[in-house]
Amino acid sequence: MIHYLAKRLAIGLLTIWGVVSAVFVVIRLAPGDQATVALGPGAKAEEIAALRHSLGLDESLVVQYFSYLGDVATLDFGQSYRYGRPAMQAVLERFPATIELTIAATVIAILVGLVLGVVAGHRPGSLVDQAVSTFTLGLQAVPPFWIGIMLILLFALQAKMLPSAGGGSFPHLVLPAITLSIPFTALVARMTRSGVAETMTEAFVQTARSKGLTETQVLGGHVLKNSLIPVVTVVGLQIGTLLGGAVVIETVFAWPGLGQLLVSAVGNRDYAVVQGATFLIAICVIVLNLAADLVNAKLDPRIRVEARR
Amino acid sequence: MTDLLQVEDLEVALAGGGGEGTVIDSVSFSVAAARTTGLIGESGSGKTMSSMSIVGLLPAGAKTSGRIAWKSENLLDAPARRLRQVRGHEIGVIFQDPLAALNPIQTIGRQVGEILRRGGMRRQEVRTKVLQLLDRVGIPDPEQRIDVYPHEMSGGMRQRVMIAMALAGGPQLIIADEPTTALDVTTQARILKLLADLREQEGVAMLLVSHDLRVMAHVADDVVVMYAGRVAERGPAREVLDKPRHPYTRALANNVPAVSTKTAIAEPLQGAPANPFDRPAGCAFHPRCPIARERCRTEVPQLREAEPGRFSACHYASEVSS
């Protein structure tokens, strides 16, 4: 187990290094930098050069890269020039709102997705199965931001039941959480459906019936848990994607989370914030994947044996 | 000798998926209390389908008619709730491939004890009872084994777990569907010995489904030979296997090579088994039968008493000799 965790930690560090480096390169490929954006289009060349020098942006990219890597290694993400304080502080301030949104969307996706998936997978090819498959395919095909806008039109502007934008209370959470959960719900439903449909053909399901269990007991006691492994893996990966997907949805709903911060930081070429935020998201994704694998090892004793080797 | 279970004129029709048709055609046989009845036949002969109709575990869309008399009720008409009560508690089932038939992610103790736990027995009692059951089916060190998973056991041990599971509900009848087919020969012998012991000591009747005549010769008291979804012959095991009254039984018996001699198989069975979805007219066996005549092509032979206690569905049963 320790050996396994050590290996995963090493892979995790390597992944972080990759993410950090990629972000470093990509953000510098965009035209303009902190100095030009901060000083605006009317700035003189000398002013820009002076600011560049004070920010260290006139050094060669290699020098900047290694000094940056050194900073990241000591968890120093530098100052946000925009907010005039440590970048990580600004990031962490926004982080809880994003986590709140992500957890809410995940809970919806898992609850609704599992129910839809089990109902459909129990009788593959049935009318219910076809209805669920069509419905979930539709959910996956429609862009979430469009669904978000439609929900705002319906529930905020027409019915005036829920606020259309902003954060801070439960009613504010409802629409963005539903919107964010929609493609995720569809994915969980489809994965669960195929897992359950496959497990239903296993011989041990017939064994369970031969013990006099009701169909519900068979599903709950012998089918669902055996179908969950691919679902857990996808959920682990997908929560990470949600953190990224939240960028768009947060913008639609003016949700005061990390996504909004990140979008404006990219626009402002606020390198420190961009790098700090992506670092944090990368950590979350890595931890979630590890968690999914550990949950799977807990679910299936056969996986545990392989992990020991 | 009282009949515990009587199957009368059972018909099973399937639709969709693998084809359409009456795969089981007026099958009748009975299982006597505390005795072992064997169902023999090639794959596709309907032996598994017949045995699974007893507990209502047929593929979706299967239509049944006839009568399955169990304790003065007809299981074919029994409501789902009553059937669930019969399954496991009155009739236990042992499946062919124990690795596939056991849930891979539950400990064997949990699976053996499930029927007890669901019956409301307390956790500690369930564990004690499961330990007894594991011991009863000859699993060494039950305390050590109760918490292992199926993949951590050998094939023979897994089949013993299946048997313990079938016994857990205290059934009067166990349906064993090819219980030794997935096992090696020495393990087969041990499992058959265990099944025979259980019948003798616990008085559990058994319906043993197998294609293997040697298995039948070892454990069955009575046999039912099936061909293409119909009963070809039935009677006391020794007599049927020694002196067949149906050319199909004779061909099967001659197919089993004697272990001690080097003689070639006397009379290999020609042709492929009849497809129960597309049965030949008349006697389904006539295309492969060495003594078939014109009448066999047109007239379906009825199961008739060829001699006391011996039933054969051959027009010329009296001419069959081994």
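These numbers come from a predicted model, not from an experiment. Quick note on labels: first sequence line is chain A, next is B, and so on, each numbered from 1.
For B/E114 (side chain) and A/K211 (main-chain N/O), no donor-acceptor pair under 3.5 Å exists by modelled atom type. Side-chain atoms of A/T207 do not come within 3.5 Å of backbone N or O of B/L102 as any donor-acceptor pair.
The shortest distance between side-chain heavy atoms of A/S210 and B/V55 does not fall below 4.5 Å. Residues A/L213 and B/R84 have side chains not in contact (no heavy-atom distance under 4.5 Å, counting atoms from C-beta outward). Looking at B/P104 and A/E202, their side chains never come closer than 4.5 Å, going by heavy atoms from C-beta outward.
When the candidates A/K225, A/H222, A/R209 are compared by the number of heavy-atom contacts under 4.5 Å with chain B, A/H222 comes out ahead. Contact tally against chain A (heavy-atom pairs below 4.5 Å) for B/G88, B/A80, B/A101: the top residue is B/A101. Per-residue heavy-atom pair counts under 4.5 Å with chain A were compared for B/Q96, B/Q85, B/Q111, B/R81, and the maximum is reached by B/Q111.
To the nearest 0.5 Å, atoms CZ (A/R302) and OH (B/Y149) are separated by 11.0 Å. The line from CG of A/N226 to CD1 of B/I105 is 3.5 Å long, rounded to the nearest 0.5 Å.
Within a 6.0 Å radius of CD in B/E90, more than 12 heavy atoms belonging to other residues, nucleotides or ligands are found. Within 6.0 Å of atom CZ in A/R123, 12 or fewer heavy atoms from other residues, nucleotides or ligands are found, so the atom counts as exposed in its surroundings.
In this structure, no portion of B/M52 lies under 4.5 Å from any heavy atom of chain A. Of the two parts of A/T214, the backbone and the side chain both hold a non-hydrogen atom closer than 4.5 Å to a non-hydrogen atom of chain B. Contact of B/Q106 with chain A is made through the side chain alone, with heavy-atom distances under 4.5 Å.
Considering every non-hydrogen atom in both B/A100 and A/A203, the closest pair reads O-CB, 3.5 Å.
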